[in-house]
Structures are given as structure tokens and as C-alpha cells.
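Have a look at the structure that comes next, please.
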Amino acid sequence: MIPTLKGHWLLGSVPEMKRDFLGMLVRAAREHGDLVRFRIGASDAVLVNHPDLVERVMVSRMANYGRDRAFYRAARSILGTALLINEGDSWKRRRLTFTPMFHRKVVERSAGTMVAATQRLIERWRVRPGTVDMSQEMSALALGIVGETLFGSDFEQDAPGIAAAEDQAAHDVFAKVQMPFQIPGFVPTPANLRLRRSRRAFELPLKKSLARARRSPDEPTLAAMLLSARDQETGAPLEERHILDELIGFLLAGHETVANTLTWGLALLAQHPAVAQRLRAEHTAVVGDRDATHEDVARLTETSKALNETMRMWPPGWFLPRRALQADELNGQRIPAGQVVWVVPYVLHRHPAFWSDPDRFDPERFANEKEKGRPRHAFIPFGAGQRMCIGAAYAWLELHMVMVTLLRRFDFALAEGAAMIPNPYVTLRPRGGMPITVSARPTA
Ligand code: HEM
């Protein structure tokens with residue numbers, strides 16, 4: 001029998017989920033092992049927390065584990081049929097449509113834009129150094145980069161509206177998931193009405209990108225590609241609302257995740273000056289005085305280790321819920337059809353069998369020889385299997401370009417009130433932001 005975490009007699013784990021979801025999951029895995037059941041009102045979910053089991057759910061038996069209905073039904077009010085939550089043949093066709101645009105060789109062309117956008121931020125900080133909310137700064141930076149490189153748009157004016165809609169939507173989607181009983185999206189509850197408003201707020205800037213793509217269909221933007229895409233069977237173009245679904249999906253998946261990693265990364269480096277020093281020495285040796293390019297990434301190994309360790313501790317995609325379509329067996333335990341299973345990188349990345357002293361920041365865990373001893377699916381910041389992050393190569397490039405450009409020119413220190421407390425919504429952001437004091441380096 002799969003052990004069940006003790007909870008409230010009627011609501012099960014719901015009160016604890018609301019209070020401290022991450023803490024609850026970590027504790028449950030520590031106390032009960034690699035499979036733990038949670039009661040959530042009338043339903044339940046099983047945490048799957050071992051690399052071999054993750055491999056089965058996400059790779060070898062991937063077809064048997066669909067998107068979890070509760071989570072994705074809640075997200076549908078915002079994302080519609082976007083790749084992120086789409087399933088079956090429709091997902092497969094769209095994934096094939098987008099794949100060429102995210103090939104490493106194609107995304108490498110964006111490196112210059114990534115560095116230039118970071119330099120514009122640096123100029124701003126140079127004029128007004130001091131304490132900033134790094135979470136907001138990185139979010140605006142990543143939004144600007146995704147806007148320029150994928151949407152052919154400057155989202156600067158729209159950034160506050162997008163950020164506000166994001167906060168509200170993340171809150172509402174997660175609140176819906178945590179309800180013991182689900183209310184369908186068409187019922188005009190206050191939360192559902194707010195979700196519709198958030199959707200309209202995302203649509204506004206994206207409709208501009210779409211209008212531009214209609215005028216200039218040859219520009220290499222997602223909108224232009226979606227406008228020219230044809231259904232393989234019917235030959236029909238995509239409906240506008242489906243194009244908007246995809247654009248919203250890429251807008252959201254493509255910047256918050258990167259912004260989270262950069263924010264946590266800078267906060268960790270501020271706390272570990274010796275590591276920051278190693279990264280700067282590496283930058284001097286590999287890049288020197290010129291701007292970083294995509295060709296540097298493979299040689300920026302210290303930076304890669306620090307970024308990996310950041311995503312181990314604070315994986316932006318921290319929660320990957322699935323639902324078994326047919327009965328299966330995990331670790332000799334029966335998983336009935338319809339069972340919701342949770343793969344939680346945040347907990348997996350702290351599994352004591354693979355990560356000693358898991359709450360300690362130690363990029364050396366990602367040194368080559370240590371990597372070799374670990375099962376492949378002990379570390380899954382970009383997911384695993386066919387549904388792995390389509391933007392992984394883009395994100396990896398952006399993380400390196402931004403991080404080395406910032407570290408070269410600025411010092412970072414945690415400011416008063418900074419706390420490494422994660423807010424487990426759709427992505428894993430720092431709760432209450434991340435106040436960091438930025439000061440130009442003497443040599444800059
Ligand atoms: C550090 C940055 C990023 C992290 C940690 C990350 C993480 C992830 C993870 C864990 C998944 C799998 C979700 C699941 O299996 O349920 C995923 C999927 C996805 N990501 Fe990312 N991501 C990042 C950046 C990006 C970027 C830059 C883009 C686009 C520009 C992007 C677009 C997507 C899309 C569209 C999917 C859905 C793929 C599918 O289901 O076929 N991501 N991401």
C-alpha cells in the first residue's frame with residue numbers, strides 16, 4: 001500500500017497545502033519515501049519521487065500519463081490549447097510545427113539581442129545604482145528579450161500590465177487547483193471572472209504582434225509562423241484564438257522561468273562571493289573584454305555549474321502533475337486508471353540518495369565526475385521525455401548571456417528584507433520579491 005500523509009479528517013492535506021505546500025511535500029517524501037499519497041478533499045494524488053519512477057512516468061510510459069485535469073483545466077482559462085497544456089495528436093502536430101524555431105542553431109542568433117538588452121539594463125543601473133527588486137528587474141529583462149527575439153515586439157510599455165495579469169492569474173489558477181471541489185471555468189465565480197480579465201490583459205500586446213506579423217509575414221516571429229501554419233489534414237489555417245493561445249503560452253513559459261533562475265542565481269551568488277569570484281575569473285579567461293557570444297557557452301563551465309545548481313535548488317518548473325490514463329504499477333504498487341501523480345522537481349532535486357546536504361548551494365555537484373554517478377532523471381529542470389521544455393536551448397543560452405554580462409559589470413549584495421522564501425505558484429518565484437543592492441564594479 002502507498003502510505004498516506006496524515007491530514008484533516010475531511011479536507012485531507014488541503015489546509016497544509018495552503019499553508020506550506022513545498023514544506024509538506026518535502027516532509028512527506030522524507031517520512032514516507034518515494035511514493036506518498038495525499039488526500040485532497042474528495043480526490044487524492046500520489047507524489048512520485050525517484051529517478052526511476054520519474055523515468056517511467058515521463059519517458060518510457062509517457063503516453064499513459066496525461067496532463068492532470070484539475071491543474072490544466074484551471075490553466076485552460078488562460079492558455080486554451082497552448083502547447084504547454086495541449087495533448088494527443090493536436091499537441092504532436094503543434095510541437096512539430098514549433099520545433100525548428102527552437103533548434104540550438106536557430107536560437108543562437110538571439111545571443112546578440114540577449115546581451116544588448118542586458119547592457120541596456122546595466123546602463124540604467126549605472127545611472128541609478130542602489131537597491132532594486134531583482135525579481136521585477138529580471139522579469140522585465142526576460143520579457144523584453146522574449147518580445148524582441150520571438151515576437152518582434154517591444155513589450156516595454158506592456159510589461160506592468162503583463163506582470164500584474166501574471167500575478168493574478170498564477171494566484172487564481174493555483175487557488176482553483178487547491179480547492180477540494182472543482183468549479184468549471186464557465187461558472188461566473190469571482191475567480192473565473194478574474195481569469196477571463198487576465199486572459200484579455202495578455203491578449204492585448206499579443207494582438208499587436210499578430211497585426212505586425214500580418215503586415216510583415218516574412219519576419220521570423222512566432223506570430224508569423226502561426227499565421228502561415230496549416231492543419232496537416234484539412235489545410236485550414238489556425239483560428240485566431242488558437243494562435244493567441246500559443247502566443248500566451250510562449251510569452252508566459254518563455255520569460256518567468258528564465259527570470260526566476262536569474263533572480264535566485266544572483267541572490268545565491270551574493271551569498272557565496274567565492275563562487276561569484278570563480279565565475280568572474282572564468283569570464284575574464286573565456287570572454288575577456290568583448291561581449292559574450294553563443295560560442296562561449298560551452299567553455300563557461302563554472303557558470304553552467306552555478307546555473308544548474310540554482311535550478312536544482314529552485315527549479316522554476318517545480319510541479320509537473322500528471323494523470324494515469326490506464327492502470328500501471330510503480331515500485332510494485334498499483335496505480336489505478338485516473339490516478340493523479342505529482343512529479344515535483346523541487347522535492348526530487350533534494351532526494352537524499354542523490355544529493356547530500358541538499359539545502360546547501362554547491363555548484364561542484366555538477367562537476368563532470370560527480371554527474372557521472374547520478375541517474376539521469378535525478379535532475380530534471382527542463383522536464384523529461386517528449387514533453388521536455390521546447391525552449392531549453394534558448395533558455396540555456398539566455399541564462400549564460402545575461403549572467404556573465406551582469407557579473408562582469410556589477411556587484412550584487414542581498415539587501416535588508418531579502419529572504420530565500422519560494423512562492424510555489426505556476427513557477428517558483430521568491431516570495432515578496434528579492435531586494436538586491438547593485439553597485440558598478442571598479443573595473444567596469
Ligand atoms: C530556465 C528556463 C526554463 C525552465 C526551467 C523551463 C522548464 C520547463 C519544464 C519543466 C517543462 C515541462 C513541463 C511538463 O512536463 O509538464 C517545460 C515545457 C515547456 N517550456 Fe520551458 N522552461 C524554461 C524556459 C522556456 C523558454 C525560454 C520557453 C520558450 C521560449 C519555454 C517554453 C516551453 C514550452 C512551450 C513547454 C511545453 C512543451 C510541450 O509540452 O511540448 N520554456 N519548460
Side-chain angles (χ1 to χ4, degrees), residues 48 54-55 57-59 62 65-68 71-72 75 79-99 101-104 106-107 110 113-114 138-139 141-151 221-222 225-226 245-265 304 306-323 340-346 348-349 377 379-403 426-429:
V48 171
V54 167
E55 192 278 337
V57 170
M58 298 189 71
V59 186
M62 169 246 177
Y65 289 93
R67 300 320 221 190
D68 161 32
F71 191 75
Y72 294 99
L79 289 167
T81 59
L83 194 67
L84 207 54
I85 60 171
N86 203 347
E87 297 215 71
D89 283 348
S90 164
W91 165 77
K92 212 175 258 172
R93 284 204 299 275
R94 297 253 183 106
R95 174 99 191 189
L96 282 175
T97 309
F98 293 126
T99 298
M101 204 161 170
F102 289 95
H103 189 275
R104 191 169 51 83
V106 176
V107 305
S110 300
T113 306
M114 293 165 174
M138 290 301 107
S139 186
L141 174 64
L143 181 66
I145 290 176
V146 105
E148 256 190 271
T149 56
L150 298 182
F151 293 87
T221 63
L222 275 170
M225 196 176 91
L226 286 160
D245 292 346
E246 295 297 356
L247 294 178
I248 293 173
F250 279 101
L251 176 78
L252 296 182
H255 86 280
E256 265 308 299
T257 44
V258 172
N260 282 186
T261 310
L262 290 166
T263 304
W264 290 116
S304 301
L307 288 167
N308 270 333
E309 176 66 348
T310 303
M311 290 194 287
R312 181 191 69 78
M313 294 183 74
W314 314 105
W318 66 278
F319 184 61
L320 311 175
R322 299 287 196 267
R323 188 174 51 89
V340 171
V341 298
W342 290 342
V343 174
V344 186
Y346 181 88
L348 183 71
H349 292 177
H377 296 100
F379 180 59
I380 54 162
F382 292 108
Q386 287 181 31
R387 297 217 59 153
M388 204 180 140
C389 178
I390 197 170
Y394 177 100
W396 193 235
L397 176 69
E398 183 177 354
L399 291 173
H400 283 78
M401 293 299 104
V402 175
M403 191 54 110
V426 179
T427 60
L428 202 61
R429 288 190 194 171

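Indexing begins at 1, ligand by ligand and atom by atom, following the structure's order.
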Donor-acceptor contact present, side-chain R67 to main-chain L84, <3.5 Å: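 Flag set: sc R67 to bb L84 pair under 3.5 Å.
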
Nearest atoms (heavy-atom pairs only) where T81 meets N86: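 Nearest pair, atom of T81 first, then N86: O-ND2, 3.2 Å.
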
Contact with ligand 1 for F98, non-hydrogen, under 4.0 angstrom: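 Contact check F98 vs ligand 1: negative.
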
R94: partners by salt bridge (Lys or Arg N to Asp or Glu O under 4.0 Å), with sequence neighbours left out: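 Checked R94 against salt bridge (Lys or Arg N to Asp or Glu O under 4.0 Å); matches are E246.
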
Option whose closest heavy atom lies nearest to atom 37 (C) of ligand 1, chosen from I390, V343, L84, L262: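 It is L84 that holds the nearest heavy atom.
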
Where ligand 1 meets W91 - atom numbers and elements under 4.0 angstrom, heavy-atom basis: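 So the atoms of ligand 1 that pass are 39 (C), 40 (O), 41 (O).
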
Parallel, tilted or perpendicular: rings of H349 and F379 (30°, 60°):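 Tilted, since the angle between the ring planes falls between 30° and 60°.
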
Heavy-atom side-chain contact between M58 and H377 under 4.5 Å: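 A side-chain contact under 4.5 Å is absent here.
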
Residue, atom name and distance, where the atom is the protein heavy atom closest to atom 6 (C) of ligand 1: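 Here the closest protein heavy atom is F382 CD2, 3.7 Å.
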
ring-ring contact (aromatic ring centres under 6.0 Å, His included) assessment of F250 paired with F102: CA-CA 12 Å; F250 279 101; F102 289 95; 5.3 Å; yes

Close side-chain approach of M311 and L399, heavy atoms under 4.5 Å: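 Yes, at least one pair of side-chain atoms sits under 4.5 Å.
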
L83 CG to D245 CG distance, which is reported to the nearest 0.5 Å: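 Rounded to the nearest 0.5 Å, the CG-CG separation comes to 11.5 Å.
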
Pairs meeting criterion salt bridge (Lys or Arg N to Asp or Glu O under 4.0 Å) with involvement of residues 251-263, two or more places apart: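 Pairs touching residues 251-263 that pass the test: E256-R429.
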
Close approach of L150 to ligand 1, heavy atoms, under 4.0 angstrom: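 A heavy atom of L150 does come that close to ligand 1.
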
Distance from atom 12 (C) of ligand 1 to nearest protein heavy atom, with residue and atom: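 For this ligand atom, the closest protein heavy atom is R387 O, 3.7 Å.
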
L83 contact mode with ligand 1 (heavy-atom cut-off under 4.0 Å):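 Under 4.0 Å from ligand 1, L83 contributes backbone and side-chain atoms.
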
Protein heavy atom at shortest distance from atom 22 (N) of ligand 1: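 Result for atom 22 (N) of ligand 1: C389 SG, 3.1 Å.
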
Heavy-atom check, side chain of R387 versus side chain of L320, under 4.5 Å: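 Contact flag for R387/L320 side chains = no.
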
Winner among P381, G249, A253 once heavy atoms are compared against atom 25 (C) of ligand 1: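 That would be A253.
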
Nearest neighbour of atom 41 (O) of ligand 1 from the list R95, M58, K92, M62, on a heavy-atom basis: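 Closest candidate by heavy-atom distance is R95.
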
Nearest neighbour in protein (non-hydrogen) for atom 13 (C) of ligand 1: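 Closest protein heavy atom to atom 13 (C) of ligand 1: L320 CD2, 3.7 Å.
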
Ligand-side contact atoms (ligand 1) for residue partner P316, heavy atom cut-off under 4.0 Å: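 Listed by number with element, the hits are 5 (C).
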
Interfacing atoms of ligand 1 (cut-off 4.0 Å, heavy-atom, A395):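 Counting atoms of ligand 1 from 1, those under 4.0 Å from A395 are 2 (C), 24 (C).
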
Considering all heavy atoms, the nearest F319-P345 contact: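 For F319 versus P345, the nearest heavy atoms are N-CD, 4.1 Å.
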
Shortest non-hydrogen contact from E148 toward T113: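 Closest pair (atom of E148, atom of T113, distance): OE2-CG2, 3.3 Å.
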
Check: H400 side chain, W396 main-chain N or O, donor-acceptor pair, under 3.5 Å: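 Here the side-chain-to-backbone pair exists.
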
Test item, W396 contacting ligand 1 (heavy atom, 4.0 angstrom):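 Outside the 4.0 Å threshold, so no.
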
Which segment of Y394 sits under 4.0 Å of ligand 1 when only heavy atoms are counted: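 Within the 4.0 Å criterion, Y394 contacts ligand 1 through side-chain atoms alone.
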
Any H255 heavy atom less than 4.0 Å to ligand 1: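 It does not; every heavy atom stays at 4.0 Å or beyond.
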
Under 4.0 Å to a heavy atom of G383 - the qualifying atoms of ligand 1, by number: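 Listed by number with element, the hits are 10 (C).
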
Per-atom contacts of ligand 1 with F250, taking only distances under 4.0 Å to non-hydrogen atoms: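 Contacts of ligand 1 toward F250, numbered from 1: 29 (C), 35 (C).
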
pair Y394-V258: side-chain heavy atoms closer than 4.5 Å: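 Contact flag for Y394/V258 side chains = no.
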
Distance from atom 24 (C) of ligand 1 to nearest protein heavy atom, with residue and atom: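 Protein heavy atom at minimum distance: T257 OG1, 3.3 Å.
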
Subset of ligand 1 atoms that lie under 4.0 Å from at least one heavy atom of R67: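 Checking each atom against R67, I get 14 (C), 15 (O), 16 (O), 40 (O).
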
Nearest protein heavy atom with distance in Å, relative to atom 1 (C) of ligand 1: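 That would be T261 OG1, 3.6 Å.
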
Subset of ligand 1 atoms that lie under 4.0 Å from at least one heavy atom of G254: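 Those atoms are 26 (C), 27 (C), 28 (C), 29 (C), 30 (C).
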
Ligand 1 contact on R322 by region, counting heavy-atom pairs under 4.0 Å: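 For R322, only side-chain atoms sit under 4.0 Å from ligand 1.
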
